[in-house]
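As structure tokens, the structure follows; a few thoughts come after it.
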Amino acid sequence: MKSSTNPGVEDVVTVTVNAPPPPPPPALTGLSISGPSSVTLEAGDSLDLNVAPVPADAPLGTVDWLSDNPAIASVNGDGLVVGTSAGQTSIRVKSSTNASIEGVVPVTVNAPAPPPPPPPPALTGLTITGPSPATLEAGGSLDLDVAPVPADAPIGAVVWASSDTTIATVNAAGVVQALLIGDVQISVSSDGVPAAQILVSVQPPMAELDPDTETPLEGDDSSGNTQEE
């Protein structure tokens, strides 16, 4: 600016124009908890939860995490949820920006899965049930069963065998059929374990007695006697 009385004199004024201040941040209207809308945990498991402001550019401030029932699920100041015992509860988060606003997520805690059953013991042997020796009449039959050793070990496929099939045979189901008088070993085996054996003694068929006389009926020569007419 120059003086009208002294044009050689001037004054200079510097003007600074500042940018307008930024608009204030939007007000916090909600809190969003990351992850599924509901949480399922097993007792002893944990899960990290995070919170975000709504709208996304609203100030979040400091947050407080709370559990409706810490005996079912607890939560620490960082949002780490730990399942404690079976049941249902809710985890809540509040912001210092607006204490009336909170985020809520339902939490279900399941009882821990039971441990798997122990593996069965290894099969170390076989045993044939019933008396030993077993006695049969010629022409008779006997059902044999096999049991594992130890008793709770699993049995795979077994093979039955007779030491003399002219005296007695045995089928795949363990049924012994007596044929001729004599002694025979019946065995059963399974892969990887010793075979079990039982002695079967085949006897002559007993004579059918007359109930009145207690003598062999006519025609029955099993006693070794021959009746004459």
Checklist entry - Does any N or O in the side chain of Q177 come within less than 3.5 Å of the main-chain N or O of V170, such that one atom is a donor and the other an acceptor? => result no
Next on the checklist: Has S34 got a side-chain atom pairing as donor or acceptor with L49's backbone, closer than 3.5 angstrom?
Outcome noted: no
Item to check | Minimum heavy-atom distance P121-A153, with the two atoms named | outcome: O-CB, 3.5 Å
Checklist outcome for this item: Exactly one candidate in V193, L126, T124 meets side-chain contact (heavy atoms from CB on, under 4.5 Å) with V149; the answer is T124
Checklist entry - Backbone N or O of A195 within a donor-acceptor pair of the S189 side chain at under 3.5 Å? => result no
Checklist entry - Just by distance, do the side chain of S187 and the backbone of A196 share a donor-acceptor pair under 3.5 Å? => result no
Next on the checklist: If you count every heavy atom of other residues, nucleotides or ligands that lies below 6.0 Å from D191 atom CG, does the total exceed 12?
Outcome noted: no
Checklist entry - Donor-acceptor pair, T40 side chain versus N110 backbone, under 3.5 Å? => result no
Checklist entry - Please walk me through it: do I101 and S95 pass side-chain contact (heavy atoms from CB on, under 4.5 Å)? => result CA-CA 7 Å; I101 296 174; S95 169; over 6 Å; no
Checklist entry - What pair of heavy atoms forms the shortest contact from I186 to S162, and how long is it? => result CD1-CB, 3.7 Å
Next on the checklist: Distance check, rounded to the nearest 0.5 Å: L31 atom CG versus E102 atom CD?
Outcome noted: 8.5 Å
Checklist entry - Just checking, any donor-acceptor pair under 3.5 angstrom between side chains of Q203 and S201? => result yes
Checklist entry - Do any N or O atoms from the side chain of T97 and from the backbone of L60 form a donor-acceptor pair under 3.5 angstrom? => result yes
Checklist entry - Would you find a donor on one side and an acceptor on the other, under 3.5 Å apart, between the side chain of T129 and the backbone of D145? => result yes
Next on the checklist: To the closest 0.5 Å, what do you measure between CD1 (I198) and CD (Q185)?
Outcome noted: 9.0 Å
Item to check | D78 side-chain N/O to L80 backbone N/O, donor-acceptor pair under 3.5 Å | outcome: no
Checklist entry - What pair of heavy atoms forms the shortest contact from P205 to A138, and how long is it? => result CD-CB, 4.2 Å
Next on the checklist: Does T62 form a side chain to side chain donor-acceptor pair (under 3.5 Å) with S96? I'd like the steps, not just the answer.
Outcome noted: CA-CA 5 Å; T62 58; S96 61; 3.1 Å; yes
Checklist entry - What do the steps show when you test L41 against T108 for side-chain contact (heavy atoms from CB on, under 4.5 Å), and what is the final call? => result CA-CA 6 Å; L41 293 174; T108 299; over 6 Å; no
